[in-house]
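Have a look at the structure below, then the notes.
The figures that follow rest on heavy atoms only: side chains count, while hydrogens, waters and symmetry mates do not.
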Amino acid sequence: MKGGDEEVAAPAGPPQPLDWKFSQVFGERTAGEEIQEVDIISAIEFDKTGDHLATGDRGGRVVLFERTDAKDHGLSRRDLERTDYPISRHPEFRYKTEFQSHEPEFDYLKSLEIEEKINKIRWCQTANSALFLLSANDKTIKFWKVQEKKIKKISKIIADPSKAVGNGNVASSSNSNSPKSFLANGVSPDRSCNHLGNDISFPPGGLPSLCLPVVVTSQETNLLARCRRVYGHAHDYHINSISNNSDGETFISADDLRINLWNLEISNQSFNIVDLKPANMEDLTEVITSAEFHPAHCNMLAYSSSKGSIHLIDLRQSALCDSHAKLFEEPEAPGSRSFFTEIIASISDIKFAKDGRYILSRDYMTLKLWDINMDSGPVATFQVHEYLRPKLCDFYENDSIFDKFECCLSGDGLRVATGSYSNLFRVFGCAPGSTETTTLEASKNPMRTQVQTPSRPSRSLNSITRVVRRETLGVDANGNSLDFTTKLLHLAWHPTENLIACVAANSLYMYYA
């Protein structure tokens, strides 16, 4: 109590763990169904409103989904004002349209086959109810416009030959002052032959009047996807990232050694802003693995490297931003170096938080959350694959150690998520004091692999830094019961609600809380 009258509010604790439920599935596989390689989904992205979702697959197709649940739940404004309880309804989506974005190509100069697989999809700003998005395969980026067009139908008007004036029939024409008389269809009785050429003959009296089709615009609409621009011939290596700028005019594309800056309106010119290629390729020590623009500041972007570091650069410093404004990396613990250290330290994906204050990074073993104002180390580290450390040699032999898992943050910044093996994905609470750690399976029963063992903090960097560990996922120490051939690499978090869309091979699953 304060002064006997005012009550001092207790400090709010961390948010309660979310109860995740199955929402929808698209492309669910039946038992024993063989998966076609071209149907495996390779990219997923929500737009900024969360009303549309796009996926790309290895067959070069882009599939769009749209939200169907009404914002007002079918009630009038007066009814909503009278309602004294919140109406809980999770977002629902339906198939909208699909189109072929990329085709397989062959580079004859380099004798290189270019796959049609979609590596990344990014939504652009909408205009005039049309949807715009960028899609990229290994070498080419395309700018697509998807818009509803009214369907035009052909309607035939049957004219009465005795009353018809048009269509070349002048039998009842008012132009009767001509001294020469004509039959229907312009045939003159003075002609010595009653046929045209050697193939077409006319009966006596000519033909009835022609019926010309009339195009009528109906009220029905059809979705049309049109490629507006193609941005190509700018990358010698495979494109791993594209990212839109907050200015709505430019975007970046990144490959292993370079980052290029494009203007959406100019497809034949780009500016190289980062170049890691050394004069001698034998001196190469790191490559670019992911890049993303800051969500609010159009002059800032971040890219990650295979050394496990994140470079924050400012485009105002110089035209070629080889020197970073800030470098984020975690010092290597003494005595922990091994053959696999550099491999598992490579960052596969980075994402900015919605406010741009934090950066989430994913390497093979962990998720790390970085504060852009503190470059001494991550503010939180979440163990994802620590239980796999004894089997790294096996994973190196079958190349699983090079799998690139994506990560995502919730719109409120309180939680992060990433994928794992056996079609599992993990959700961690990153609010101060939170120990939320949830393991879900991409199936209609996501909680069946849930382990109730609480996670435990293992060490602290400072007052706001912690590491959350969970040693097992309901398996033994070696993880023998997990299926390492099925992996959940791609997932996305709805920008405003607790809805996660994740990919398991050719199936798209959605979960809400």
Side-chain angles (χ1 to χ4, degrees), residues 7-23 46 48-50 69 71 84-91 295-296 350-362 366-374 378-384 406-420 424-442 446-470 473 488 491-502 509-513:
E7 183 177 351
V8 178
Q16 293 296 317
L18 296 178
D19 181 20
W20 292 95
K21 299 180 179 65
F22 169 78
S23 174
F46 280 105
K48 286 188 177 181
T49 64
D69 56 309
K71 296 288 186 179
D84 57 355
Y85 58 90
I87 300 177
S88 59
R89 184 176 180 181
H90 65 276
I350 60 171
K351 291 286 193 309
F352 272 101
K354 193 174 183 179
D355 59 1
R357 172 71 182 273
Y358 297 95
I359 299 176
L360 180 67
S361 67
R362 171 71 154 98
T366 65
L367 268 177
K368 292 185 175 73
L369 190 66
W370 308 79
D371 186 339
I372 65 172
N373 296 330
M374 189 184 79
V379 297
T381 300
F382 308 98
Q383 298 294 341
V384 181
E406 294 181 358
C407 58
C408 59
L409 298 94
S410 61
D412 55 15
L414 298 179
R415 294 171 180 87
V416 296
T418 190
S420 183
L424 301 177
F425 66 99
R426 316 285 303 279
V427 180
F428 300 94
C430 56
S434 174
T435 59
E436 178 180 355
T437 306
T438 307
T439 303
L440 303 164
E441 182 184 18
M447 304 299 289
R448 67 182 178 184
T449 59
Q450 179 64 28
V451 180
Q452 300 300 327
T453 305
S455 59
R456 58 185 185 276
S458 61
R459 64 184 176 90
S460 295
L461 292 176
N462 51 41
S463 60
I464 61 173
T465 305
R466 70 191 180 286
V467 177
V468 180
R469 291 183 183 270
R470 174 175 293 178
L473 290 172
L488 198 151
L491 75 171
W493 202 303
H494 192 280
T496 59
E497 303 187 36
N498 287 321
L499 176 85
I500 292 179
C502 58
Y509 289 89
M510 295 188 186
Y511 304 92
Y512 72 97

*asked:* Quick check for you: to the nearest 0.5 Å, what is the distance between Cys502 atom SG and Met510 atom CE?
replied: 9.5 Å
_Residue pair Trp493 / Gly411: nearest heavy atoms and the distance that separates them_ = CD1-N, 4.4 Å
*Roughly how far, to the nearest 0.5 Å, is the CZ atom of Arg357 from the CE atom of Met374?*
9.5 Å
*Of Thr439, Leu367, Thr438, which is the lone residue that meets side chain to side chain contact (heavy atoms under 4.5 Å, CB included) with Arg426?*
Thr439
*Rounded distance [0.5 Å steps], CG in Leu369 versus CZ in Phe382*: 6.0 Å
*Can Glu441 and Leu488 be said to form a side-chain contact (heavy atoms from CB on, under 4.5 Å), step by step?*
CA-CA 9 Å; Glu441 182 184 18; Leu488 198 151; over 6 Å; no
*asked:* Looking at every non-hydrogen atom in both residues, tell me the closest pair between Arg362 and Gly419 and how far apart they are.
replied: NH2-O, 2.9 Å
*asked:* Set out, in order, the CA-CA distance, both residues' side-chain angles and the distance that settles side-chain contact (heavy atoms from CB on, under 4.5 Å) for Ile500 and Trp20, then state yes or no.
replied: CA-CA 9 Å; Ile500 292 179; Trp20 292 95; 3.6 Å; yes
*For Phe352 and Leu409, which heavy atoms make the closest approach, and how far apart are they?*
O-CD1, 3.9 Å
*asked:* Is any side-chain heavy atom of Tyr358 closer than 4.5 Å to one of Val379?
replied: yes
_Between Leu18 and Val427, does the side-chain contact (heavy atoms from CB on, under 4.5 Å) criterion hold? Intermediate values first, please._
CA-CA 9 Å; Leu18 296 178; Val427 180; 5.8 Å; no
*Hey, can you tell me if Tyr511 and Phe425 have their rings parallel, tilted or perpendicular (30° and 60° cut-offs)?*
tilted
*What closest approach, in Å, do Leu360 and Cys408 show between heavy atoms, and which atom pair accounts for it?*
CD2-O, 3.5 Å
*Is a side-chain N or O of Ser23 found less than 3.5 angstrom from the main chain of Tyr512, in a donor-acceptor match?*
no
_Minimum heavy-atom separation for Glu406 and Leu491, please, with both atom names._
O-CD2, 3.6 Å
*asked:* For a 4.5 angstrom cut-off between non-hydrogen side-chain atoms, does Val416 reach Lys368?
replied: no
*What are the two closest non-hydrogen atoms of Gly429 and Ser434, and how far apart are they?*
CA-OG, 3.5 Å
*Drop me the distance from Asp19's CG to Asn498's CG, to the nearest 0.5 angstrom.*
11.5 Å
